[in-house]
Amino acid sequence: RAVPDPEILSHALTNVGTAQCNMGDLAGWVTLDEALRTALGAGDVEDACRAYANMIWGLLDWFRLDDAERYLSGAITLAEDAEFLGFLSYLHVERARLGLARGAWDEAVQAAQQGLDALAPTRCVALTVLSRVAVRRGQPDAGSLLAQAWELAREVGELQRTGPAAAGLAEAAWLAGDHERVRDIAAPVYVEATRLGDPVHAAELGYWLAKVGEPVTGLSDSHPYALQAAGRWREAAGAWAAAGCRYERSEEHTSELQSHHDL
């Protein structure tokens with residue numbers, strides 16, 4: 001802030017806000033919104049696109065889907081008008097994540113396909129979304145898509161990519177009844193997420209581990225997957241319903257019925 005340069009300020013605010021969001025600090029949204037407004041006010045399209053992309057990603061991680069959609073509309077328009085094609089591809093795969101979360105699978109697939117020719121981090125997101133849709137639809141190419149997503153995620157080497165890809169593999173293994181595979185794929189990435197203090201990926205991977213009887217502790221109570229991992233079925237179902245996640249809501253209802261049956 002000591003430097004009278006809005007571009008530097010926006011870039012720095014995006015870094016700080018993203019770090020806050022990654023740690024589960026709600027102040028991150030305020031910081032990122034300031035980064036965005038600072039860039040837009042200065043006519044700095046590149047940093048505005050960056051702030052948009054990071055904010056939307058974080059909102060999707062925490063299933064604040066309506067907020068993410070509101071920002072996405074302006075972000076895509078800005079990137080299209082400025083012909084920032086790299087950011088535009090990334091925003092399209094974020095729209096794919098939005099469709100996946102809402103159970104709008106056709107929309108998710110259509111958006112994800114626009115990221116298949118992009119750079120590796122963007123392509124990895126596209127493949128992860130496509131593979132998770134394929135798994136949930138029972139498509140025969142699900143295994144191939146999952147393998148591609150996982151291989152690329154490991155190549156990129158970022159938890160932001162390995163976490164969702166591992167969750168997709170764990171979900172597929174669970175649906176196939178292969179509990180050992182769930183442990184093998186989810187446990188190492190869960191350990192890494194815990195080590196890095198990442199509440200989002202720790203929550204989702206912790207949920208899959210809890211489903212196969214592995215103890216998980218220290219998850220954020222504010223994340224729906226953490227509520228599921230703790231067996232707090234009704235709270236989790238309410239959180240998924242409020243977020244607009246139809247698939248997760250129905251899956252959680254099944255888990256609740258199963259828990260009553262076991263009792």
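Just so you know, residue 1 is the first one in the sequence shown, and it goes up from there. Note that these values count all heavy atoms, side chains included, but never hydrogens, waters or copies made by symmetry.
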**Asked** When rounded to the nearest 0.5 angstrom, what distance separates CG in Leu85 from CG in Leu119?
**Response** 11.0 Å
**Complete:** Across all chains, not counting sequence neighbours, the salt bridge (charged side-chain N to carboxylate O under 4.0 Å, His left out) partners of Glu107 are none
**Prompt:** Quick one: does Ser10's side chain have a donor or acceptor within less than 3.5 Å of a partner on Pro6's backbone?
**Reply:** no
**Working for side chain to side chain contact (heavy atoms under 4.5 Å, CB included), residues Val93 and Arg123** = CA-CA 8 Å; Val93 298; Arg123 191 166 72 255; over 6 Å; no
**Candidate list Trp208, Trp62, Trp240, Tyr190, test ring pair (Phe, Tyr, Trp, His ring centres under 6.0 Å), partner Tyr225, passing option** = Trp240
**Message:** Using every non-hydrogen atom in the two residues, find where Leu205 and Ala167 come nearest and quote the distance to one decimal.
**Reply:** CD2-N, 3.8 Å
**Fill in**
Trp105 meets the ring pair (Phe, Tyr, Trp, His ring centres under 6.0 Å) criterion, sequence neighbours left out, with Tyr247
**Asked** Between Asn54 and Thr14, does any side-chain donor sit less than 3.5 Å from a side-chain acceptor?
**Response** no
**Request:** Report yes if some heavy atom in the side chain of Glu192 is under 4.5 Å from a heavy atom in the side chain of Asp198; otherwise report no.
**Result:** no
**Cluster overlap Leu175 with Leu146, hydrophobic side-chain contacts below 4.5 Å** = yes
**Prompt:** Tell me, do Arg232 and Asp221 make a side-chain contact under 4.5 Å, heavy atoms counted?
**Reply:** yes
**Message:** Applying salt bridge (charged side-chain N to carboxylate O under 4.0 Å, His left out), can you list everything that pairs with Arg132, at least two apart in sequence or on another chain?
**Reply:** Glu171, Glu204
**Smallest separation among heavy atoms of Ile56 and Ala68, with atom names** = CG1-O, 4.2 Å
**Item:** Stepwise side chain to side chain contact (heavy atoms under 4.5 Å, CB included) test for Val109 and Arg137
**Value:** CA-CA 12 Å; Val109 167; Arg137 282 177 159 170; 4.3 Å; yes
Please report, to 0.1 Å, the donor-acceptor pairs under 3.5 Å made by any side chain of residues 24-42, with sequence neighbours excluded.
from  : atom 1 : to    : atom 2 : distance (Å)
Asp25 : OD1    : Ala27 : N      : 3.0
Thr31 : OG1    : Gln20 : OE1    : 2.7
Thr31 : OG1    : Ala27 : O      : 3.1
Asp33 : OD1    : Tyr71 : OH     : 2.9
Asp33 : OD2    : Arg37 : NE     : 2.9
Glu34 : OE1    : Arg1  : NH2    : 3.2
Glu34 : OE2    : Arg1  : NH1    : 2.9
Glu34 : OE2    : Arg1  : NH2    : 3.3
Thr38 : OG1    : Glu34 : O      : 2.7

**All ring pair (Phe, Tyr, Trp, His ring centres under 6.0 Å) counterparts of Tyr90, not counting sequence neighbours** = Trp57
**Request:** Identify whether Leu9 and Tyr52 are in the same connected component of the hydrophobic contact network (ILVMFWY, side-chain heavy atoms under 4.5 Å).
**Result:** no
**Prompt:** Is there a path from Met23 to Val16 through hydrophobic residues (I, L, V, M, F, W, Y) whose side chains come within less than 4.5 Å of each other?
**Reply:** no
**Asked** Which residues pass the side-chain contact (heavy atoms from CB on, under 4.5 Å) test with Asp5, sequence neighbours left out?
**Response** Val3, Glu7, Ile8
**Prompt:** If every non-hydrogen atom of Ser131 is compared with every non-hydrogen atom of Ala149, which pair is closest and at what distance?
**Reply:** OG-CB, 4.3 Å
**Prompt:** Which is it for Arg50 and Asn15 under the side chain to side chain contact (heavy atoms under 4.5 Å, CB included) test, yes or no, and what are the steps along the way?
**Reply:** CA-CA 10 Å; Arg50 182 170 179 264; Asn15 290 346; 2.4 Å; yes
**Item:** salt bridge (charged side-chain N to carboxylate O under 4.0 Å, His left out) partners of Asp117, counting only residues at least two apart
**Value:** none
**Prompt:** Where do Ala75 and Leu91 come nearest, in terms of heavy atoms and distance?
**Reply:** O-CD1, 3.5 Å
**Salt-bridge criterion met for Glu94 and Arg97 (N-O under 4.0 Å)** = no
**Prompt:** Say you draw a straight line from CG of Leu152 to OG1 of Thr162; how long is it, rounded to the nearest 0.5 Å?
**Reply:** 11.5 Å
**Request:** Begin with the C-alpha distance, continue with both residues' side-chain angles, and end with the deciding distance and a verdict on side chain to side chain contact (heavy atoms under 4.5 Å, CB included) for Asp178 and Val182.
**Result:** CA-CA 7 Å; Asp178 189 346; Val182 174; 5.9 Å; no
**Request:** Could you tell me which residues satisfy side-chain contact (heavy atoms from CB on, under 4.5 Å) with Ala243, sequence neighbours excluded, listed by chain and number?
**Result:** Phe63, Cys245
**Item:** Pairs satisfying ring-ring contact (aromatic ring centres under 6.0 Å, His included), at least one member in residues 145-166, at least two apart
**Value:** none
**Message:** With rounding to the nearest 0.5 angstrom, report the OG1 to CG distance, Thr217 to Leu219.
**Reply:** 7.0 Å
**Prompt:** Could you give the distance from CE (Met55) to CG (Leu59), rounded to the nearest 0.5 Å?
**Reply:** 6.5 Å
**Prompt:** Are Ile185 and Val200 linked, directly or through other ILVMFWY residues, by side chains that come within less than 4.5 angstrom of each other?
**Reply:** yes
**Request:** Specify the closest pair of heavy atoms between Gly163 and His201, including all atoms of both residues, with the distance to one decimal.
**Result:** CA-CD2, 3.8 Å
**Distance, nearest 0.5 Å, that separates CG of Leu65 from CZ of Arg70** = 10.5 Å
**Asked** Any sub-3.5 Å donor-acceptor pair from His179's side-chain atoms to Lys211's backbone N or O?
**Response** no
**Request:** Can you establish whether the number of heavy atoms outside Leu116 located under 6.0 Å from its atom CG is more than 12?
**Result:** yes
**Request:** Hey, could you give me each pair passing salt bridge (charged side-chain N to carboxylate O under 4.0 Å, His left out) that has a residue in residues 147-159? Not counting sequence neighbours.
**Result:** Glu158-Arg161
**Request:** Can you measure from CZ (Arg95) to CD (Gln114) and round to the nearest 0.5 angstrom?
**Result:** 9.5 Å
**Asked** So which pairs with a foot in residues 13-23 pass salt bridge (charged side-chain N to carboxylate O under 4.0 Å, His left out), sequence neighbours left out?
**Response** none
**Item:** Residues in salt bridge (charged side-chain N to carboxylate O under 4.0 Å, His left out) contact with Glu214, at least two apart in sequence or another chain
**Value:** Arg183
